[in-house]
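Below: one structure, written as structure tokens.
Letters A, B, ... are given to chains in the order of the sequence lines, protein chains preceding strands, and every chain is numbered from 1.
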There are 2 protein chains.
Amino acid sequence: MTTAIKRCGECPIRHRALCARCEPPELEELDTMKYYRSYEAGQTVVWAGDRMDFMASVVSGIASLSQTMEDGRTQIVGLLLPSDFLGRPGRECATYDVTATTDLVMCCFRRKPFEAFMARTPHLASRMLEMTLDELDAAREWMLLLGRKTAREKIASLFVIIGRRDAALKLKEADGEIAFDLPLTREAMADYLGLTLETVSRQISVLKREGLIRLEGKRRIVIPDFQALMAETGDDCDGGLIG
Amino acid sequence: MTTAIKRCGECPIRHRALCARCEPPELEELDTMKYYRSYEAGQTVVWAGDRMDFMASVVSGIASLSQTMEDGRTQIVGLLLPSDFLGRPGRECATYDVTATTDLVMCCFRRKPFEAFMARTPHLASRMLEMTLDELDAAREWMLLLGRKTAREKIASLFVIIGRRDAALKLKEADGEIAFDLPLTREAMADYLGLTLETVSRQISVLKREGLIRLEGKRRIVIPDFQALMAETGDDCDGGLIG
DNA sequence: GCGCGCTATTGATCTCGATCAAGGTTATCG
DNA sequence: CGATAACCTTGATCGAGATCAATAGCGCGC
């Protein structure tokens with residue numbers, strides 16, 4: 001049992017999610033197809049349509065999945081945070097542009113062996129299903145944001161989601177002061193929220209002026225009253241904090 | 001082999017997708033947990049948060065998944081067409097409001113036995129993963145539409161997607177004339193596209209005036225030149241028609 | 001220190017889609 | 001057939017966010 005944890009400790013945090021339920025002999029097999037890749041902030045991991053001979057799990061940093069129209073309009077359709085998975089079984093080509101938003105380390109698995117391994121490891125297959133369903137829920141939550149929320153609500157929602165994830169990792173109470181470094185430029189935020197970077201900047205200024213957030217430098221966000229910010233997202237928030 | 005097809009023929013079209021790869025003895029087991037439910041257009045199948053003791057596959061008709069904010073703003077986050085699946089393994093409560101958009105028949109499976117069956121039927125589990133990944137791709141395509149497309153592009157995209165699916169089912173060539181009955185009211189289209197119903201109506205009128213579509217009655221859409229309409233979606237469309 | 005490139009802020013103006021409002025069409029049912 | 005209700009269309013106006021433009025801060029190499 002400690003064996004399992006120790007092995008997977010090479011891929012910190014929740015990459016463990018991928019293999020925590022596997023037995024040691026299976027883990028050894030996973031190790032044979034595993035290697036690491038690093039990217040600098042701004043580098044492209046793959047372009048949509050490129051052949052992708054690996055699947056990967058994010059170890060540290062953030063990657064974004066995006067789609068761009070011919071005239072340059074782009075929409076970020078997903079962020080990959082540590083422990084998130086990239087690549088789809090049975091598909092050889094990337095569906096989206098994948099870009100390192102911050103410096104990024106990924107734990108990669110060669111496609112063929114990984115797929116074969118998955119086919120005979122039910123734990124892993126069901127874990128993949130679970131992760132995919134979570135991503136689907138996240139995408140649908142984002143559809144509500146993109147289709148129906150105001151610019152102000154979009155910014156508040158983004159900060160609440162990042163702040164919540166951050167607080168969860170640090171096991172902090174959610175009603176104290178929460179602070180985090182924004183891992184996105186104004187432009188990336190705009191592309192994620194379906195806004196322009198000017199609107200993002202303006203709405204951040206508004207929230208700051210109203211005391212709902214503070215800025216420390218350009219990138220660090222402090223949320224003095226998490227509940228108050230949540231009230232600006234337009235979401236029902238009677239439920240639990242981690243949803 | 002004919003046995004399999006015959007059995008699953010009870011659930012027409014691609015519900016077969018769910019069990020086509022299963023062996024006859026397994027299919028018999030599936031049958032023991034199977035029953036049908038019908039809903040009239042407009043009826044609610046479940047509300048978000050309700051306990052849901054079944055999973056289901058759409059046999060005929062269309063269901064919509066939607067989220068509504070306190071002030072009434074609504075976003076449809078997915079349509080379930082025949083063969084699509086409703087319900088998530090391991091989750092007892094509905095995440096979204098599910099509404100019958102047209103008259104609807106679903107093939108339901110009691111949750112517990114179905115989950116147990118899935119756990120020991122790798123075919124089914126991997127089929128579920130595949131379907132979920134497809135839904136995720138569809139959701140992400142929709143995120144681009146919601147975040148970055150104009151009203152005109154949104155309408156054109158909707159018609160192209162419905163027309164394409166329809167043409168695929170009928171095995172028709174995609175460059176002839178395509179016609180289909182719109183299964184959605186203007187309001188439902190608006191909620192799906194992140195618009196108001198007035199804007200939907202106006203943009204349909206514009207496309208009609210320009211000869212890109214024709215209306216037969218209020219609900220039947222005829223696309224005389226599919227390629228021309230596709231050019232209005234803003235999408236890259238050099239690739240294959242079915243993507 | 002200075003210039004350069006990148007990122008962010010702020011202002012002025014415009015535009016697309018929302019909103020408010022008034023009819024029109026179609027189906028159903030007595 | 002006429003009444004009612006649901007759905008759709010069209011017009012007038014408004015406003016949130018886009019667009020265009022100028023300026024400001026910041027890090028980095030020389």
Check residues 100-110 of chain A and write down every donor-acceptor pair under 3.5 Å in which the side-chain atom is one partner and the other belongs to a residue at least two apart or another chain.
residue : atom : partner : partner atom : Å
A:T102  : OG1  : A:I62   : N            : 2.9
A:D103  : OD1  : A:A41   : N            : 2.8

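For the pair B:L193 CG and C:dC16 P, the computed distance is 18 Å after rounding to whole Å. Rounded to a whole Å, the CG atom of A:L207 is 12 Å from the P atom of C:dT9. Between A:R152 atom CZ and D:dA18 atom P there is a gap of 16 Å when expressed in whole angstrom units. The nearest whole Å value for the distance from the CD atom in B:Q203 to the C1' atom in C:dC16 is 9 Å. One can place NZ of A:K149 at 17 Å from C1' of D:dA16, the figure rounded to the nearest angstrom. With rounding to whole Å, A:E153 atom CD is found 9 Å from D:dG17 atom P. If you measure from atom CZ of A:R148 to atom C1' of D:dA16, you get 15 Å, rounded to the nearest angstrom. In this entry the distance linking CD1 of B:I155 with C1' of C:dC16 reads 14 Å, nearest Å.
Contacts of B:G42 with the nucleic acid, taken as non-hydrogen atoms under 4.0 Å apart, are absent. No contact: A:G217 has no heavy atom under 4.0 Å from any strand.
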Could you write nucleotides 3-9 of chain D as a row of B, S and -, 5' to 3', where a protein heavy atom under 4.0 Å of any base atom gives B, of only sugar-phosphate atoms gives S, and otherwise -?
-----SB
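Scored by the side-chain hydrogen bond (donor to acceptor under 3.5 Å, both in side chains) test, B:T95 finds B:R91 as partners (sequence neighbours excluded).
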Between A:K154 and A:Y192, does the side-chain contact (heavy atoms from CB on, under 4.5 Å) criterion hold? Intermediate values first, please.
CA-CA 10 Å; A:K154 287 179 176 181; A:Y192 198 26; over 6 Å; no
Between A:K149 and A:E153, is the salt bridge (charged side-chain N to carboxylate O under 4.0 Å, His left out) condition met? List the steps.
CA-CA 6 Å; A:K149 289 190 180 179; A:E153 288 168 338; over 6 Å; no
Check against side-chain contact (heavy atoms from CB on, under 4.5 Å), A:W142 and A:L193
CA-CA 8 Å; A:W142 217 249; A:L193 298 171; 3.6 Å; yes
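Of the possible polar contacts, one joining the B:R148 side chain to the A:L195 backbone as a donor-acceptor pair under 3.5 Å is found.
Regarding contacts with the backbone of C:dG17, every side-chain N or O of B:T196 stays at 4.0 angstrom or more from both OP1 and OP2.
In the model, B:D191 has no side-chain atom that pairs as donor or acceptor with a side-chain atom of B:T74 under 3.5 Å.
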